[in-house]
J.: 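The structure's right below; bear with me while I get my questions together.
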Amino acid sequence: MFDFSLAQARDALRARKISSRELTRAYLDAIEKLNPRLNAYITVTPERALAQADAADAALAGGQGKALTGIPLAIKDLFCTEGVRTTAGSRILDNFVPPYESTVSANLLRDGAVFLGKANLDEFAMGSSNMTSAFGAVENPWKRRADATAVLVPGGSSGGSAAAVAARLALGATATDTGGSIRQPASFCGIAGIKPTYGRCSRWGVVAFASSLDQAGPVARNVEDCAILLGSMAGFDPKDSTSADRAVPDFAAACARGVKGLRIGVPAEYTMDGMSSEILELWRRGLGWLRDAGAEIVDVSLPHTRYGLATYYIVAPAEASSNLARYDGVRFGHRENGEDLRDLYERTRAAGFGAEVKRRIMIGTYVLSAGYYDAYYLRAQKIRALILRDFTNVFGRVDALLTPTTPSAAFAQGENMEDPITMYLNDIFTVPASMAGIPGMSVPAGLDAQGLPLGLQVLGKPFDEETVFSVAATIERAAGFTTLPAIRAGA
Amino acid sequence: MALDPATVRRISGLARIRVEDSEIPAMQSELGRILGWIEQLNEVDVEGVEPLTGAAQMALRLREDVVTDGFYPEKVLANAPDRAGDFFAVPKVVE
């Protein structure tokens with residue numbers, strides 16, 4: 001049962017070889033067994049899941065199967081789910097039950113999906129390790145070969161989503177990416193994940209972090225499963241003013257296209273000091289696979305890449321400081337009483353937000369404050385324009401880019417935590433695509449010497465996820481990545 | 001670079017986040033370090049570059065100016081920490 005990919009489970013369900021109730025029950029049992037250790041889910045909704053599974057079985061019996069009918073998924077706890085507590089990984093929302101459903105999760109329900117529960121994440125999606133969640137850290141199901149006792153992080157912010165998929169506690173999951181929060185955890189957990197073009201998925205009902213960067217996407221076991229999920233999640237939504245009014249292509253069909261005749265760029269700037277030679281070697285191997293499949297490899301330059309991360313740490317906190325102003329203890333969420341209204345606000349926010357969220361709100365408030373706006377925020381927006389210009393120039397010559405997803409494999413809890421900037425460096429290869437709004441996908445491509453998964457990142461032109469899927473699927477086929485994590489359902 | 005205590009207090013006040021005296025020194029150095037790291041952006045020549053506000057690269061749509069949603073106070077107030085009738089309740093603002 002746990003060996004089925006999402007596409008295989010869909011086919012088995014349609015052929016009535018298995019029922020959604022059996023499948024859902026198996027996943028719920030696995031969650032009950034493994035979640036106390038992994039903490040990938042904040043909230044599990046068994047009754048709701050089984051009711052959805054029964055409805056799916058009835059639909060399938062009547063020949064009414066849709067794209068995801070009966071498929072059990074995890075939903076990142078940043079997507080508002082009607083009647084099911086949605087925390088954003090924060091104490092300030094620990095009692096928040098949305099009276100509405102996010103557009104992305106509603107699209108999945110429309111297509112017949114079963115929701116197992118809400119996946120853990122860094123608080124307000126701010127983090128690269130899932131260590132900032134108010135609901136506890138998530139354990140990466142992978143283990144170092146030489147040290148099975150070390151508890152590794154799953155990456156972040158979509159750490160619960162990625163760990164759940166890797167440990168086979170869901171067939172796929174929703175995730176969100178603001179600076180790398182889909183791609184980095186996918187890489188750390190040995191699974192696939194795509195951040196589509198900004199505007200491809202509606203942000204309506206997704207708890208906002210940095211609105212000009214936030215974008216929803218799927219994580220799943222393989223590239224095709226991601227394509228199936230994105231096909232359901234994506235689509236125009238009048239309720240999101242930045243939603244793109246464009247038809248959703250057949251992403252799954254694009255996976256089979258191949259790369260013959262495509263030009264793949266290799267950006268010179270995607271390296272950093274202290275990066276392991278294994279990752280450089282894997283990158284070279286990935287380029288070799290694409291060349292063997294008929295692609296032409298082209299050296300390119302994205303000169304402003306090196307400023308991406310610092311630019312991000314102005315733009316994202318600035319937007320966050322504005323977005324998170326709504327958490328004031330008045331209309332919803334946690335409240336601390338105070339002497340007067342201002343004191344209520346200040347005590348509520350001091351008690352409700354964790355250290356990293358406060359840090360980013362403070363940075364954002366500072367860079368937007370009188371006298372600093374031009375020096376920080378306006379300058380960052382200009383550099384953001386230069387980062388986009390780099391990509392636009394390069395995409396005049398190539399169809400897609402190949403880079404490593406992360407500068408290292410998964411690290412252990414406690415590592416990289418002594419200084420916020422060390423943690424921020426995790427996103428050095430993922431942030432530029434977020435700044436430019438272009439699609440990016442991480443695909444598992446190999447193991448390091450410790451036996452931990454490493455991902456390669458495919459970047460594409462705006463709204464050309466199809467090419468991203470075809471390149472990623474080609475790498476996936478060539479890599480033949482079949483290793484499974486030590487901790488998983490059915491093991 | 002470290003921020004001075006008055007600046008940390010000013011920012012936390014603007015951000016409406018209560019900061020205890022004991023937390024100030026750590027914030028001074030942490031925020032200062034991040035802002036110091038960001039200084040690297042000063043070496044980029046941005047002369048004549050138009051700022052990019054978002055990744056959408058599109059003009060925002062206009063919609064009909066009509067009410068399309070609402071009229072369910074119970075739903076709106078369902079998560080309120082405190083309410084009085086169909087209103088959110090807060091400590092007294094005006095004496």
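Protein chains get the first letters and strands the later ones, always in sequence-line order, with residue 1 at the start of each. Bear in mind that the values here come from a model prediction, so they are computed numbers and not experimental data.
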J.: Is it the backbone or the side chain of B:Leu3 that comes under 4.5 Å from a heavy atom of chain A, or both, or neither?
T.: side chain
J.: Sort A:Ser321 into side chain, backbone, both or neither according to what part of it lies under 4.5 angstrom from a heavy atom of chain B.
T.: neither
J.: Which atoms of B:Thr68 are under 4.5 Å from chain A, going by heavy atoms: the side chain, the backbone, both sets, or neither?
T.: neither
J.: Does any backbone or side-chain atom of A:His334 lie under 4.5 Å from a heavy atom of chain B? Answer side chain, backbone, both or neither.
T.: neither
J.: Is A:Arg359 salt-bridged to A:Glu356, going by a charged N under 4.0 Å from an acidic O?
T.: yes
J.: B:Pro51, B:Ala80, B:Gly13, B:Pro91: which one forms the most heavy-atom pairs within less than 4.5 Å of chain A?
T.: B:Pro51
J.: Is it the side chain or the backbone of B:Gln40 that comes within 4.5 Å of chain A heavy atoms, both, or neither?
T.: both
J.: Can you say whether A:Asp240 sits under 4.5 Å from chain B via the side chain, the backbone, both, or neither, judging by heavy atoms?
T.: backbone
J.: Report yes if the side chains of A:Arg91 and A:Glu123 come closer than 4.5 Å at any heavy-atom pair, otherwise no.
T.: no
J.: Which atoms of A:Val367 come close to chain B, meaning under 4.5 Å heavy atom to heavy atom: side chain ones, backbone ones, both, or neither?
T.: side chain
J.: Tell me, for A:Thr311 versus chain B, whether the close heavy atoms (under 4.5 Å) come from the side chain, the backbone, both or neither.
T.: both
J.: With ring centroids as reference points, do A:Tyr327 and A:Phe124 lie under 6.0 angstrom apart?
T.: yes
J.: Quick one: what part of A:Tyr377 sits under 4.5 Å from any heavy atom of chain B, side chain, backbone, both or neither?
T.: neither
J.: Is the gap between the ring centers of A:Tyr312 and A:Tyr424 under 6.0 Å?
T.: no
J.: Tell me, for A:Leu309 versus chain B, whether the close heavy atoms (under 4.5 Å) come from the side chain, the backbone, both or neither.
T.: both
J.: Quick one: of B:Glu20, B:Arg83, B:Arg10, who has the most non-hydrogen atom pairs under 4.5 Å with chain A?
T.: B:Arg10
J.: Given that the side chain runs from C-beta out, which part of A:Asn337 has a heavy atom under 4.5 Å from chain B: side chain, backbone, both or neither?
T.: neither
